[in-house]
Amino acid sequence: MNRRFATSVGLLFPALLVVLWAVDRSNALAADSPPQRPNIVVIMADDLGYGDVSCYGAHRVRTPNIDRLAREGLRFTSGYCSASTCTPTRFTFLTGTYAFRQKGTGIAPPNATALIRAGTPTVASLLKQAGYTTAVIGKWHLGLGQPPGPDWNGLLKPGPLEIGFDYCFLLPTTNDRVPPVYVENHRVRNLDPNDPLWVGMKRPSPDHPTGLTHRHLLRMDWSHGHHDSIHNGIGRIGFFTGGKSALWRDEDLAEEWVKQSVRWITENRDRPFFLFFASHDIHVPRMPNERFQGATPMGFRGDAIVELDWCVGELLKTLDRLNLTEKTLVVFCSDNGPVLDDGYKDGAVEKLGDHKPAGPFRGGKYTVYEGGTRIPFIVRWPGHVQPGVSDEIVCTVDLAASFASLAGVPIPPGGCRDSFNVLPALLGRPGARGRDHLVQQDNGNRGNFGFRQGNWKLVRLISGRGKNAKRRLELYDLSVDPGESHDLATEHPEIVRRMNDRLQALIDAGHSRGAD
Ligand code: NG6
Ligand code: CA
């Protein structure tokens, strides 16, 4: 061995040891230090189906920003919301408790009062307790105020601020329900006290124009329902008078959610924050901004998907610009499966072509087949979520317990009763499992349920009423029949019985965490 070489080895070796020690030390530090608490942004689309975005197979509409989330994050093939309509999914997401456990959690009417009782533990209250600043921006549809009804001209209380949100900027009901106003914190924004807002389900006067009496004036005709008060040339559900200075235009909603979110994120960039971004897209009436109209060959339903994707892009750009991308966990999901004609003649049926809104699944909005609740579900947190595709079963009901675990707060006894901590599965940790079972509901008023357990799917349907009510059970093997087309109930009566017993036990127990 030559001397120079020997000297270099003699110097290099201790240096290598120092480096190895330092690497080892930094690993030890990383393991010792408390888990990072990222900002959390949940983007919930409205009525967006499994097959409606390009990263889940759509080709007649392109969704580059949602696709970016999928590319940089984990895309779930068995991601669910808990109900096939809006109100029960949102109730379940926020409370971590299945909506069917509380009566009156079906689609909320225009004058619904707060459905989530003040003080109920929610995703927002748990994160607030962990030191997060919290906001909901967009569609609410969980009622405001107390009986006998919301005080539209006064304080709209209780609402989001009484269940853990520090700030709210809302579409109070749906875009097809009155009143067409924004609610900011406890008040209707821009309301002129000299022009009070009245909301009701009865025609306020015989000369009040409606979608029936003035149908010829509508710029988008209705196909069913939606013929009460007319606003922005479109018939709505329910009646309203007054509040002129507070009224929005359908075409501006998406931009307003983005504007308020960008402002709020910017203001809160230095603290851990939780934003629930609840888009009204692609719920009816689909009336996207003028610049998106005609963006797809699928009419306004396709164009509304492009508008939704634009919103996602603006949020991602804001995180990039503020250097928050690495510090923010983003979840993208939907509140229920797809529907084409949901009460307006907007061309969704005629212009569909070979687009498959529910992807390979059966049913959609209002049903307990997979298409009703299986949705695009993507989780991104650069550096923490391994990008890829996951077949684990996860549901929006699990976000409460999973975020509580991430933020290091306990769930109070009796709270979030159906929420499982599936954080390792959400982060794509190797070998991490999601749920082994999931109860799926429709709007909740009939007793229909879907029950997935592994790859088996039980469908429980009630037909008829009162004494004539009949229960029908169907069984599908999703591993070979994702489209639920081949009912195996007569072939496997023992599986049907076992699954139906477990479903009933979960319903009766009042909770599913700790029920087995
Ligand atoms: C239905 C409406 C539908 C939609 C739905 C709620 C009619 C005929 N149908 O009653 O258009 O508003 O309620 O949708 O009025 S959800 O996504 O908010 O649950
Ligand atoms: Ca919906």
Side-chain angles (χ1 to χ4, degrees), residues 42-50 52 80-94 99-100 104-112 115 138-144 170-180 201 210-212 215 218 220-231 234-239 250 253 257 276-287 300-301 304-305 308 332-346 348-349 357-358 363-368 371-377 396 440-446 448:
V42 174
I43 304 171
M44 187 177 274
D46 198 340
D47 295 3
L48 184 79
Y50 188 92
D52 274 329
Y80 290 84
C81 55
S82 34
S84 57
T85 57
C86 171
T87 302
T89 277
R90 286 159 206 267
F91 179 96
T92 305
F93 157 54
L94 287 177
F100 63 78
T105 50
I107 299 169
N111 268 330
L115 289 175
K139 177 172 174 173
W140 182 240
H141 208 194
L142 287 165
L144 291 169
L170 309 172
L171 168 67
T173 62
T174 63
N175 47 329
D176 59 345
R177 282 173 179 71
V178 298
M201 288 311 286
T210 74
L212 283 173
R215 193 165 184 176
L218 299 176
M220 185 190 274
D221 198 8
W222 50 268
S223 55
H224 48 281
H226 304 109
H227 44 54
D228 298 338
S229 282
I230 298 172
H231 168 62
I234 301 171
R236 314 278 166 166
I237 301 173
F239 296 94
D250 302 76
L253 290 172
W257 311 141
F276 174 27
F277 182 91
S279 173
H280 72 296
D281 278 322
I282 56 169
H283 195 282
V284 294
R286 300 164 188 130
M287 184 52 70
F300 284 171
R301 185 173 187 278
I305 298 176
L308 166 73
F332 179 82
C333 59
S334 177
D335 72 336
N336 52 251
V339 56
L340 295 177
D341 181 345
D342 206 14
Y344 293 98
K345 298 181 187 169
D346 62 5
V349 176
K365 185 172 182 177
Y366 309 114
T367 80
V368 293
T373 53
R374 198 150 357 160
I375 48 160
F377 194 117
T396 47
Q440 301 152 284
Q441 71 164 89
D442 57 6
N443 196 39
N445 28 16
R446 305 252 331 134
N448 296 330

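Every number for a ligand or one of its atoms is a count from 1 in the order of the listing. Worth knowing before you read on, the calculation uses all heavy atoms, side chains too, and leaves out hydrogens, waters and symmetry mates.
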Next item on the list: Could you tell me the residue and atom name of the protein heavy atom closest to atom 15 (O) of ligand 1, and the distance to it rounded to 0.1 Å?
Entry: Ile237 CD1, 3.3 Å

Next item on the list: Would you please test Asp250 and Arg236 for salt bridge (Lys or Arg N to Asp or Glu O under 4.0 Å) and show each step?
Entry: CA-CA 12 Å; Asp250 302 76; Arg236 314 278 166 166; 2.8 Å; yes

Note to self: Taking 4.0 angstrom as the limit and counting only heavy atoms of Asn336, give me the atoms of ligand 1 inside it, by number and element.
What the structure shows: 17 (O)

Note to self: Within ligand 1, which atoms have a heavy atom of Thr85 less than 4.0 Å away?
What the structure shows: 19 (O)

Item checked: ligand 1 contact on Tyr366 by region, counting heavy-atom pairs under 4.0 Å -> side chain

Notebook entry, point to check: Which residue owns the protein heavy atom closest to atom 17 (O) of ligand 1, what's the atom, and how far is it?
Noted result: Lys365 NZ, 2.9 Å

Checklist line | atom 11 (O) of ligand 1: the protein heavy-atom neighbour that sits closest, reported with distance to 0.1 Å | finding: Asp342 O, 2.8 Å

Next item on the list: For His141, take its heavy atoms, then give the atoms of ligand 1 lying under 4.0 Å from any of them.
Entry: 18 (O)

Notebook entry, point to check: Quick check: does Asp176 get an N/O under 3.5 Å from an N/O on ligand 1?
Noted result: yes

Notebook entry, point to check: In terms of residue, atom name and distance, what is the protein heavy atom nearest to atom 8 (C) of ligand 1?
Noted result: His224 CD2, 3.2 Å

Next item on the list: Decide, counting backbone as well as side-chain atoms, whether Thr85 has an N, O or S atom less than 3.0 Å from the Ca ion (ligand 2).
Entry: no

Check: Considering only the protein, which heavy-atom contact is closest to atom 9 (N) of ligand 1, and what is its distance?
Finding: His226 CE1, 3.9 Å

Notebook entry, point to check: Numbering the atoms of ligand 1 from 1, which are under 4.0 Å from a heavy atom of Asp46?
Noted result: 17 (O)

Check: the Ca ion (ligand 2) is nearest to which N, O or S atom of Asp47?
Finding: OD1

Notebook entry, point to check: Short list, please: which atoms of ligand 1 are under 4.0 Å from a heavy atom of Cys86?
Noted result: 16 (S), 17 (O), 18 (O), 19 (O)

Item checked: The single option from His226, His227, Arg215 passing side chain to side chain donor-acceptor pair (under 3.5 Å) against Asp221 -> Arg215

Next item on the list: Say whether Gly343 and ligand 1 are in contact under the criterion: heavy-atom distance to a ligand atom below 4.0 Å.
Entry: no

Check: Hey, which atoms in ligand 1 end up nearer than 4.0 Å to a heavy atom of Thr174?
Finding: 18 (O)

Next item on the list: List every atom of ligand 1 that sits less than 4.0 Å from any heavy atom of Val284, numbering the atoms from 1 in the order shown and giving each element.
Entry: 11 (O)

Next item on the list: Identify the protein heavy atom lying closest to atom 10 (O) of ligand 1, giving its residue, its atom name and the separation to 0.1 Å.
Entry: Arg177 NH2, 3.5 Å

Note to self: Angle at the Ca ion (ligand 2), OD1 of Asp335 to OD1 of Asn336, rounded to 10 degrees, please.
What the structure shows: 80°

Checklist line | Member of His231, His283, Arg286 meeting the side chain to side chain donor-acceptor pair (under 3.5 Å) criterion with Asn175 | finding: His283

